[in-house]
There are 2 protein chains.
Amino acid sequence: MDEDEVGTVDVPEATVARLPQYLRALAELAEAGLRTVSSEALAEAVGVGSAKLRKDLSHLGSYGTRGVGYDVNGLHRQIADRLGQTTPWNVVIVGIGNLGHALAGYGGFATRGFRVVGLFDDGPHVVGELVNGLRVRPLADLGTVVRPGEPTIGVLAVPAEHAQGVCDRLVAAGVTSVLNFAPTVLRVPADVDVRKVDLASELQILAFHAQRRAVRAALRTPLPNPSVPVSDRVGEVV
Amino acid sequence: MDEDEVGTVDVPEATVARLPQYLRALAELAEAGLRTVSSEALAEAVGVGSAKLRKDLSHLGSYGTRGVGYDVNGLHRQIADRLGQTTPWNVVIVGIGNLGHALAGYGGFATRGFRVVGLFDDGPHVVGELVNGLRVRPLADLGTVVRPGEPTIGVLAVPAEHAQGVCDRLVAAGVTSVLNFAPTVLRVPADVDVRKVDLASELQILAFHAQRRAVRAALRTPLPNPSVPVSDRVGEVV
DNA sequence: TAGATTGTTAATCGATTAACAATC
DNA sequence: TAGATTGTTAATCGATTAACAATC
């Protein structure tokens with residue numbers, strides 16, 4: 001691979017999504033004192049195939065040695081670098097309800113290179129509250145925390161009906177990366193990156209698979225309950 | 001498409017992951033009084049292309065009318081049916097810390113067909129606590145809540161180091177669908193379905209993209225700060 | 001040198017997209 | 001009938017996988 005500027009050569013999206021998993025596994029291996037790891041062993045730790053792992057790493061330019069494996073610390077540094085984790089990223093959380101509260105206190109952010117620097121909410125009962133050492137501020141203060149210089153990630157934990165409005169204010173304040181927990185589609189300018197976590201959706205996908213397994217099991221063992229025909233058990237529409 | 005048993009014909013995974021979004025959009029349209037919707041309009045509401053939407057729906061057998069569009073209520077019922085949402089699914093949450101607490105109180109589950117029926121934790125300070133109307137129980141009680149008859153989804157909100165052990169107990173109790181919030185790979189039998197939500201990972205992916213945008217912007221406008229060469233700004237490894 | 005393991009090639013699979021014939 | 005819109009086809013794109021030559 002060319003000796004190119006970091007971040008210029010395209011890394012496939014599917015690979016990007018796995019980099020955090022590799023990074024975490026490498027951190028654990030380093031913790032355990034391992035100096036070197038084979039693609040086979042690292043892949044096993046992450047739960048993917050070794051061919052996929054090697055292909056993924058090849059997109060980074062990679063630092064393996066044939067016949068030996070990868071240097072655990074070297075590869076860790078390489079991936080951390082690609083994820084922009086040499087310096088911590090600032091994170092602001094908007095919407096300090098149930099979920100926002102939990103996110104504000106989530107230890108996993110700090111240990112993986114993120115620093116929660118602001119909590120925002122416009123609810124009169126919430127503003128001024130102290131959460132995990134940070135005072136909740138009104139949204140009007142967004143501009144004082146989000147600084148044009150240092151990139152800031154905005155986390156949206158507001159109800160669906162407020163999500164677009166709050167997102168617009170984040171974008172106006174200069175936020176170009178948004179993690180959206182509200183079950184709504186956000187409209188943003190082309191230079192803003194939005195990722196979505198939809199908790200109920202995850203359960204619905206599990207439910208789909210569970211139902212499919214159940215129906216298939218029922219078809220393999222026809223009519224275990226003779227009084228209920230298989231086709232009535234799921235309720236066909238129309 | 002064949003008039004086949006619900007759940008027998010294979011629906012592609014990418015399509016399954018979008019069904020919850022379609023369902024939610026249809027619910028909003030029905031709420032707004034719409035009787036009929038075109039693929040163009042529904043796709044716009046969900047933020048996908050109309051060709052993709054029509055292809056997705058074609059996997060369900062679909063209920064559109066050429067020249068007219070889709071019947072909002074009919075399609076809603078059809079998708080709800082496929083997601084197994086004719087009756088609510090039981091959900092147990094294990095690990096009532098920061099995140100588990102928030103999930104126990106998350107309103108979005110109930111409105112989308114899920115019923116939280118059990119909260120579990122072995123922490124002496126947590127057991128017995130009343131959270132959102134449910135008493136937190138010790139893990140030993142899992143068997144009394146997870147009943148072989150009705151399928152139950154297990155939500156794992158414990159620290160990474162306990163995740164595998166707790167997961168094993170969920171599986172032993174008969175849970176075959178698991179939503180894992182711990183940043184660990186879970187080993188489960190082949191008949192158990194695991195989905196993972198890794199909050200820090202989501203931020204890391206956003207950070208990767210943000211860094212890539214920043215590097216590219218810097219390369220387009222070479223050396224805006226003449227004292228710092230571009231290649232030093234990101235810190236090449238080795 | 002012999003054994004191990006990477007990085008890459010090529011085949012395969014699945015998902016997306018545009019275009020349009022079918023049909024209301 | 002004319003206009004609208006679906007459902008499907010075929011082309012394209014991206015991701016996965018297995019196999020192996022390169023090389024430590």
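Side chains included, hydrogens not; waters and symmetry mates left out as well; all remaining heavy atoms used. Here is the naming used below: chain letters follow the sequence lines, and residue numbers restart at 1 for every chain.
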Practice prompt. Check whether any side-chain heavy atom of B/Tyr70 sits under 4.5 Å from a side-chain heavy atom of B/Ser39, and report yes or no.
Written response: yes
Fill in: Residues within residues 12-24 of chain B bordering DNA chain C, heavy-atom distance below 4.0 Å
B/Pro12, B/Glu13, B/Ala14, B/Arg18
Worksheet item: Taking atom C1' of D/dA15 as reference, at what distance in whole Å does atom CG of A/Asp10 sit?
Response: 14 Å
Worksheet entry | side-chain hydrogen bond (donor to acceptor under 3.5 Å, both in side chains) pairs, two or more places apart, involving residues 194-203 of chain B | A/Gln21-B/Lys196, A/Gln21-B/Ser201, A/Arg112-B/Asp198, A/Arg195-B/Glu202, A/Glu202-B/Arg195
Worksheet item: Can you tell me how far P of C/dA15 sits from CG of B/Leu57, to the nearest Å?
Response: 16 Å
Practice prompt. Mind checking side-chain hydrogen bond (donor to acceptor under 3.5 Å, both in side chains) for A/Ser38 and listing every partner two or more places apart, or none if nothing turns up?
Written response: none
Fill in: Separation of atom CG in A/Asp56 from atom C1' in C/dT6, rounded to whole Å
14 Å
Discussion item. How about CD on B/Glu40, more than 12 heavy atoms from neighbouring residues, nucleotides or ligands closer than 6.0 Å, or not?
Written reply: no
Fill in: Lys/Arg-Asp/Glu bridge criterion (N-O < 4.0 Å) met for B/Arg216, A/Asp191
no
Worksheet item: Taking the side chain as C-beta and beyond, is there a heavy-atom pair between A/Leu203 and B/Trp89 under 4.5 Å?
Response: no
Worksheet entry | Nearest-angstrom distance from the residue atom CG of A/Leu75 to C1' of C/dT5 | 15 Å
Worksheet item: Can you pull the salt bridge (Lys or Arg N to Asp or Glu O under 4.0 Å) pairs that have at least one residue in residues 86-95 of chain A, sequence neighbours excluded?
Response: none
Report all interatomic pairs (protein N or O, nucleotide N or O of nucleotides 9-13 of chain C) with separations under 3.5 Å.
none

Discussion item. Can you list everything that forms a side-chain hydrogen bond (donor to acceptor under 3.5 Å, both in side chains) with A/Asn180? Sequence neighbours excluded, please.
Written reply: none
Fill in: Heavy atoms from other residues, nucleotides or ligands near CD of B/Glu31 exceed 12 (cutoff 6.0 Å)
no
Practice prompt. Quick one, give me the B/S/- string for nucleotides 19-24 of chain D, reading 5' to 3', where B means a protein heavy atom under 4.0 Å from the base and S means that only happens at the primed atoms, P, OP1 or OP2.
Written response: B--BBB
Worksheet item: Hey, does B/Val46 have a side-chain heavy atom less than 4.5 Å from the side chain of B/Leu53?
Response: no
Discussion item. Just to be sure I understand the rule, does A/Gly49 reach a base, reach only the sugar-phosphate, or reach nothing, if contact means heavy atoms closer than 4.0 Å?
Written reply: nothing
Practice prompt. Anything below 3.5 Å on both distances counts as a pair; with that, list the stems of at least three consecutive Watson-Crick or G-U pairs involving DNA chain D.
Written response: C:3-24 with D:3-24
Fill in: Side chains of A/Lys52 and A/Thr15 in contact at under 4.5 Å (non-hydrogen atoms)
no
Item to complete: Name all residues meeting the side-chain hydrogen bond (donor to acceptor under 3.5 Å, both in side chains) criterion together with A/Glu28; count only those two or more places apart in sequence or in a different chain, and write none if there are none.
Response: none
Worksheet entry | Rounded interatomic separation in angstrom, taking OH from A/Tyr63 and P from C/dT6 | 17 Å
Practice prompt. Take the protein atom NZ of A/Lys52 and the nucleotide atom P of D/dA18, then report the distance between them rounded to whole Å.
Written response: 11 Å
Worksheet item: Side-chain N or O of A/Tyr70 less than 4.0 angstrom from OP1 or OP2 on C/dA4?
Response: no
Worksheet item: Does A/Asp56 reach the side chain of A/Tyr22, with side-chain heavy atoms less than 4.5 Å apart?
Response: yes
Worksheet item: Of all of residues 30-44 of chain A, which get a heavy atom below 4.0 angstrom from DNA chain D, listed by number?
Response: none
Practice prompt. Any pair with a residue in residues 168-190 of chain B that passes salt bridge (Lys or Arg N to Asp or Glu O under 4.0 Å), sequence neighbours left out, goes on the list, sorted by first then second residue, please.
Written response: A/Glu44-B/Arg187, B/Asp122-B/Arg169
Worksheet item: Which part of the nucleic acid does B/Gly69 contact within heavy-atom distance under 4.0 Å: base, sugar-phosphate only, or nothing?
Response: sugar-phosphate
Worksheet item: Considering all heavy atoms of both residues, which atom of A/Ala45 and which atom of B/Val185 are nearest to each other, and what is their separation?
Response: O-CG2, 3.5 Å
Worksheet item: Residues in side-chain hydrogen bond (donor to acceptor under 3.5 Å, both in side chains) with A/Arg115, at least two apart?
Response: A/Asn90
Worksheet item: Rounding to a whole Å, what distance do you find between B/His59:NE2 and D/dT8:P?
Response: 10 Å
